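Please read all numbers here as calculations on a predicted model, not as lab measurements.
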Amino acid sequence: CFPAAKKSMLLLWPDQRSNRLCRFLFRNCTVFKLFFMCLIVGFSSLVWLQLTCSGEDMSRTAKEENLPQKPCPHEKQPVPTEEHSWGPHKLAIIVPFRERFEELLVFVPYMHNFLNQKKILHKIFVINQVDHYRFNRASLINVGFVESGNDTDYIAMHDVDLLPLNEELDYGYPEQGPFHVAAPELHPLYHYKTYVGGILLLTKQHYEMCNGMSNRFWGWGREDDEFYRRLKGAGLQLFRPSDIKTGYETFRHIHDPAWRKRDQKRVASQKQEQFKVDREGGLTNLRYRVESKQDLTISGAPCTLLNVLLECDQMETPWCVFS
């Protein structure tokens, strides 16, 4: 507070009482006091904003007065929930997974919205392999089948890096037989006739008829080729989409091979074993432990994450580890 400022301010007040008030303010007002007062005012404003924006006091008042609670502006609005009037069937999307979280952040909200638009009841299960063995896609799908519960009656074996772009693709209940959504004539990468990977729908009854998938395939590839033989051995007819005009543009493949290299190594006798049919293994000899289970929400889309430890008999499949 400078003397010149005092004098100029005093000239603006006509009566003696106002002059005294001004002198008192300038005499007792310091920079530190003003700074302290600003902090108090700012902190009080933040507290007021928090209490009036979906806080405990607001929630209690809304419940007592039967009023809808208004979310804060920064909160995302939830994705419309499923309705049981959509149909009697519910799909369990089983996603075998390991360390590809950037793809998962895209996959879960995209698939949730895609299936909601098609009015398909669904639940997404992310089966995350957290042990130190090589990746085993087939075993993780077996785990997802077992852990998906009784409220779902058919499954989708679904890769995390494959997103459907055509709304005409059918994700409905495959009552007649397994339905291969990512057909060879539509998949952006794999085009051979016996291919059944990517996205495959089955009723739980049909999956049990195949005894699930073989647990012998550690590393990348071949497990879906063996499953094709299981489908034929169980007498099941395979169905694929028809009248889809988008060809290889039907799906978006979000995997980056430069960033996420696939484990394509063949260790020891794995080179010979990879083409054999496993006539005994599957759901009946599956060995695993669920380390933890969490219900998550990604951009408003719900999913269930299971951290899973697989077991490996190194006498039977020594290629589950790198020697």
Side-chain angles (χ1 to χ4, degrees), residues 94-104 107 125-147 155-162 180 182 184 187-192 194-200 207 210-231 253-291 305-323:
I94 299 174
V95 185
F97 183 80
R98 176 184 262 179
E99 297 178 349
R100 291 159 68 173
F101 290 97
E102 68 279 0
E103 296 174 6
L104 188 67
F107 177 85
F125 294 89
V126 181
I127 315 301
N128 182 31
Q129 184 176 343
V130 295
D131 54 64
H132 298 292
Y133 296 119
R134 299 172 70 190
F135 186 67
N136 192 323
R137 177 178 178 268
S139 289
L140 295 177
I141 293 174
N142 285 340
V143 172
F145 174 84
V146 174
E147 297 290 334
I155 68 170
M157 302 154 53
H158 211 303
D159 287 351
V160 71
D161 57 7
L162 199 61
H180 188 210
H187 196 284
L189 295 179
Y190 308 113
H191 308 140
Y192 57 95
T194 58
Y195 176 68
V196 291
I199 309 169
L200 180 65
Y207 195 77
C210 299
N211 191 22
M213 303 186 76
S214 172
N215 300 302
R216 298 178 62 85
F217 291 87
W218 301 88
W220 182 81
R222 299 298 182 189
E223 77 287 334
D224 48 355
D225 295 332
E226 199 269 352
F227 190 67
Y228 175 82
R229 299 181 183 181
R230 289 182 176 232
L231 294 174
H253 192 242
I254 61 176
H255 178 74
D256 184 357
W259 177 249
R260 295 289 185 190
K261 294 184 179 180
R262 302 195 189 276
D263 174 14
Q264 302 184 26
K265 294 183 179 180
R266 295 294 179 257
V267 180
S269 57
Q270 184 182 13
K271 295 179 182 179
Q272 292 74 37
E273 292 282 339
Q274 63 180 335
F275 296 105
K276 294 183 178 180
V277 177
D278 182 7
R279 302 189 184 280
E280 297 179 359
L283 293 174
T284 51
N285 70 343
L286 176 65
R287 300 291 181 268
Y288 71 96
R289 178 167 61 87
V290 176
E291 185 178 64
L305 173 68
L306 287 88
N307 292 319
V308 173
L309 295 161
L310 298 179
E311 295 183 10
C312 171
D313 183 351
Q314 295 189 37
M315 297 297 293
E316 288 290 326
T317 56
W319 52 86
C320 65
V321 295
F322 289 114
S323 58

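- Rounded to the nearest 0.5 angstrom, Leu309 CG and Gln129 CD are separated by 9.0 Å.
- To the nearest 0.5 Å, atoms CZ (Phe125) and NE2 (His158) are separated by 15.0 Å.
- Scanning all heavy atoms of the two residues, the minimum distance from Leu310 to Ser139 falls at CD1-CB, 3.9 Å.
- A 4.5 Å side-chain heavy-atom check between Ile94 and Leu140 finds every atom pair outside the cut-off.
- Side-chain contact annotation: Tyr192 with Asp225, donor-acceptor N/O pair under 3.5 Å present.
- The stretch residues 308-318 participates, sequence neighbours left out, in these side chain to side chain donor-acceptor pair (under 3.5 Å) pairs: Trp218-Thr317.
- Listed for the Asn136 side chain is a donor-acceptor partner under 3.5 Å among the backbone atoms of Asn215.
- The existence of a salt bridge linking Asp278 and Arg229 is excluded, since no basic side-chain nitrogen approaches an acidic carboxylate oxygen closer than 4.0 Å.
- In this structure, the salt bridge (Lys or Arg N to Asp or Glu O under 4.0 Å) partners of Asp161, at least two apart in sequence or on a different chain, are Arg100, Arg262.
- Here the side chains of Arg230 and Asn211 are in contact, with some heavy-atom distance below 4.5 Å.
- When side chains are defined from C-beta on, Arg98 counts as touching Asp131, because their heavy atoms get closer than 4.5 Å.
- Between Ala138 and Ser214, the closest heavy-atom pair is CB-O, 3.1 Å.
- Without hydrogens or angle criteria, Asn142 side chain to Met213 main chain gives a donor-acceptor distance under 3.5 Å.
- Within the 4.5 Å cutoff, no side-chain heavy atoms of Phe107 are placed close to those of Val126.
- Residue His180 holds its NE2 atom at 11.0 Å from OH of Tyr228, rounded to the nearest 0.5 Å.
- For the disulfide bond (SG atoms under 2.5 Å apart) test, no residue two or more places apart in sequence or in another chain qualifies with Cys210.
- The line from CZ of Arg137 to CG of Asp224 is 5.5 Å long, rounded to the nearest 0.5 Å.
- Pairing each heavy atom of His253 with each of Leu189, the nearest pair is CE1-CD1, 3.5 Å.
- The backbone N or O of Arg216 sits less than 3.5 Å from a side-chain atom of Trp319, completing a donor-acceptor pair.
- Side-chain contact between Ile127 and Ile141: absent, with no pair of heavy atoms (C-beta onward) separated by less than 4.5 Å.
- Taking the six-membered ring where tryptophan is involved, the planes of Tyr190 and His187 are tilted, since the angle between them lies from 30° to 60°.
- Proximity of a side-chain donor or acceptor of Asn128 to a complementary backbone N or O of Leu306 within less than 3.5 Å is not detected.
- The line from CE of Met157 to OH of Tyr207 is 5.5 Å long, rounded to the nearest 0.5 Å.
- Distance CG/Asn307 to CZ/Arg289: 11.0 Å, rounded to 0.5 Å.
- When all heavy atoms of Gly197 and Ala182 are compared, the pair lying nearest together is O-CB, 3.9 Å.
- Counting only heavy atoms from C-beta outward, the side chains of Val308 and Phe97 never approach each other to under 4.5 Å.
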